[in-house]
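Notes follow the structure.
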Amino acid sequence: MVKDTHNKIIKQAIKCLARNSHAGLDEIASAAGVGRATLYRYFPSRADLIIALKLSAGEQLAAMVQPELE
């Protein structure tokens with residue numbers, strides 16, 4: 001469940017920030033269907049969330065490229 005919530009927040013953050021690069025954490029929490037406290041438990045600041053988004057994008061890219069490297 002922890003990983004599901006984390007992934008749901010990441011997914012909704014991508015959508016919200018794609019629509020509005022200045023979307024706040026409250027808006028992202030609402031879109032993800034979690035409370036502000038839950039979002040802040042996973043990502044204490046906007047900077048932490050942005051770092052997590054970058055890491056997620058890197059992991060997705062690596063997964064897509066890996067078969068080509070084998």
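Heads up: numbering here begins at 1 and tracks the sequence.
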Are I9 and I51 in one and the same hydrophobic cluster, where Ile, Leu, Val, Met, Phe, Trp and Tyr link if side-chain heavy atoms are under 4.5 Å apart? no
What's the separation between atom NZ in K11 and atom SG in C16, rounded to the nearest 0.5 Å? 12.5 Å
Using a 3.5 Å cut-off and no angle test, enumerate the donor-acceptor pairs between side-chain atoms of residues 27-37 and protein atoms at least two apart in sequence or in another chain.
unit_1, atom_1, unit_2, atom_2, d
R36, NE, D26, OD1, 2.9

Using every non-hydrogen atom in the two residues, find where D48 and F43 come nearest and quote the distance to one decimal. O-CD2, 4.0 Å
Could you tell me which residues satisfy salt bridge (Lys or Arg N to Asp or Glu O under 4.0 Å) with R46, sequence neighbours excluded, listed by chain and number? none
Indicate the atoms forming the closest heavy-atom contact of S45 with L25, along with that distance. C-CD1, 4.1 Å
What residue among T5, L55, L49 forms side chain to side chain contact (heavy atoms under 4.5 Å, CB included) with I10? L49
Report the distance from atom CG of L39 to atom CD of Q12, rounding to the nearest 0.5 Å. 11.5 Å
